[in-house]
Amino acid sequence: MLQRTKIVKLLASEQPVEEVLIKGWVRTRRDAKDFSFIEVNDGSCLKNIQVIANNNLKNYEEVKKLTTGSSLEVRGALVRSQGGNQKFEIAAAEVVIYDMAPEDYPLQKKKHTDEYLRTIAHLRPRTNKYGAAFRIRSELSFAIHKFFHERGFRYVHTPLITGSDCEGAGEMFRVTTLDMNNIPHTKDGKVDYGKDFFGKEAHLTVSGQLNGEMYAMGLGDIYTFGPTFRAENSNTTRHAAEFWMIEPEMAFADIHDDMDLAEDMVKFCIGHLLKNSHEDLELFDKFVEPGLFDKLHNIVEKGFARITYAEAIDIMKKSGHKFEYTPEFGIDMQTEHERYLAEVHFKRPVIVRDYPKEIKAFYMRLNDDGRTVAAMDVLVPGIGELIGGSQREERLDVLLRRIKELGMNEADYEWYLDSRRYGSVPHAGFGLGFERMMMLVTGIGNIRDVIPFPRTPNSINF
RNA sequence: UCCGGCUUAGCUCAGCGGUAGAGCAAUCGGCUGUUAACCGAUUGGUCGCCUGUUCGAAUCAGGCAGCCGGAGCCA
């Protein structure tokens, strides 16, 4: 029984092969006098393989009707091509048609806009661009795991449903099994979550960090890589309600170890893609972001700039550049500031650290100056904030003081505080938005186009 | 959520007060080792929805919806 061969393997062949079997979808068909050229793609790579279907095939009349999008298998010989655009092609001995795509197949053999393809997100992986994008997405995921695995980090699965409604990273989606048309109430008129599935309020996670820290305190170096949910009404090209995040956490590490890890990880992943996804990346360098390869090589080869928040403010003040929001110590950095630093001033990724404590989360470690925290953001050209991280506050008394200052409920964090009560150690970590990294490496400008089925406000099709 | 723009054939768009157009796709035919093939013909639209102005609205005004971009929030 002849085994199916993936097209990527056939196209890499050095020699003709007497008999091969391929299965895939028709991208386009062109008729010649006594035969038909069929371009077949099976998703294993960007390129199609050209099939020569001669009129001596017993179902040639059917083959001549093959439309774009139809599915088939072809048995035949891999032979050297007479045409100039490909080394090998398949001289078909048998073509078995699985399914003929009717004339209303929505994908034409021409360029479609991203906006249109978003309306048929279930079919867009069959296009060159989206096929390439999602092969890259797969390869990038693998690179992330490879990077951490090689460094001895353990992969931890933190929960997606959480009982603490105060992780402090944005609006959360409620998880409930209560009947929305018949909600139970307590005596004082509030919703009685005691009758809900978990016996208390539950939400989808906005971050696995707090759980991740607990595992770093046991396993040393860990990372999470999973879906995250934010119910923010954000309508931008860089936000989705469901996205994937990578969150490493290192025990016995400070903010500088954290920055090193972030920079190494970004460089490793891009290096991996340059090596393993070159053909797919070429499409993006050619049609999506001219100069993409230069940008990626630049990131891998040059170090990231590293400055403090105070220095960043200073650079912007002295720049003479006109900002809509004037840079002053204490402000939260705006998109225009991040872009100026990464795109105009440094022209490469820049890590900003030591932010005023007022604009950062409670768990970030208070610096000796008493007014900044050991937080760091990695800003990259074109994207803005790619990574946000910090050294965590390991001193129980300082952490408790911060929780009080911010008016948070200490009782909600008892389990978290235990890590500071029993064998507390300096530790640090960060969060990386996986889709933003996808945007960085492909040049794709909209987060909706780097995630298979995007979820954004008012949009949950497919 | 705020600001701006867009919505006309399956797709991409033109038309901007006088009864709807192009290119591509599709369909049919022709030619051809072609390569987003080529040549010819045909099909295809209550111009997003509602209301108003006007003798007359795709075109002007108002409202609504959807989409796109920017901002905020952040990953």
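Protein chains get the first letters and strands the later ones, always in sequence-line order, with residue 1 at the start of each.
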How is [X] classified with respect to the nucleic acid when contacts are heavy atoms under 4.0 Å: base, sugar-phosphate, or nothing?
X	result
A:Leu386	sugar-phosphate
A:Glu385	sugar-phosphate
A:Tyr116	sugar-phosphate
A:Asn85	base
A:Asp332	sugar-phosphate
A:Phe35	base
A:Glu89	base

Within 6.0 angstrom of [X] [atom1], more than 12 heavy atoms from elsewhere:
X	atom1	value
A:Phe88	CZ	yes
A:Phe329	CZ	yes
A:Lys111	NZ	no
A:His122	NE2	yes

Q.
For the P atoms, the ones on B:A26 and on B:A37, what distance do you get once it is rounded to whole angstrom?
A. 10 Å

Distance below 4.0 Å between [X] side-chain N/O and [N] OP1 or OP2:
X	N	value
A:Ser81	B:G33	no
A:Arg30	B:A37	yes
A:Thr28	B:A36	no

Q: Please determine, for the side chain of A:Lys111, which listed nucleotide (B:A36, B:C74, B:G33) has the closest atom?
A: B:A36

Q: Specify the separation, in whole Å, of atom CD1 of A:Ile387 and atom P of B:A75.
A: 12 Å

Q) What does B:A71 pair with, Watson-Crick or G-U, if both distances are under 3.5 Å? A) B:U1

Identify all pairs in which a protein N or O lies below 3.5 Å from an N or O of nucleotides 65-71 of chain B, and state each distance.
unit_1 : atom_1 : unit_2   : atom_2 : d
B:C68  : OP1    : A:Arg118 : NH1    : 2.7
B:G69  : OP1    : A:Asn446 : ND2    : 2.9
B:G69  : OP2    : A:Asn446 : ND2    : 3.4
B:A71  : N6     : A:Asn235 : O      : 3.3

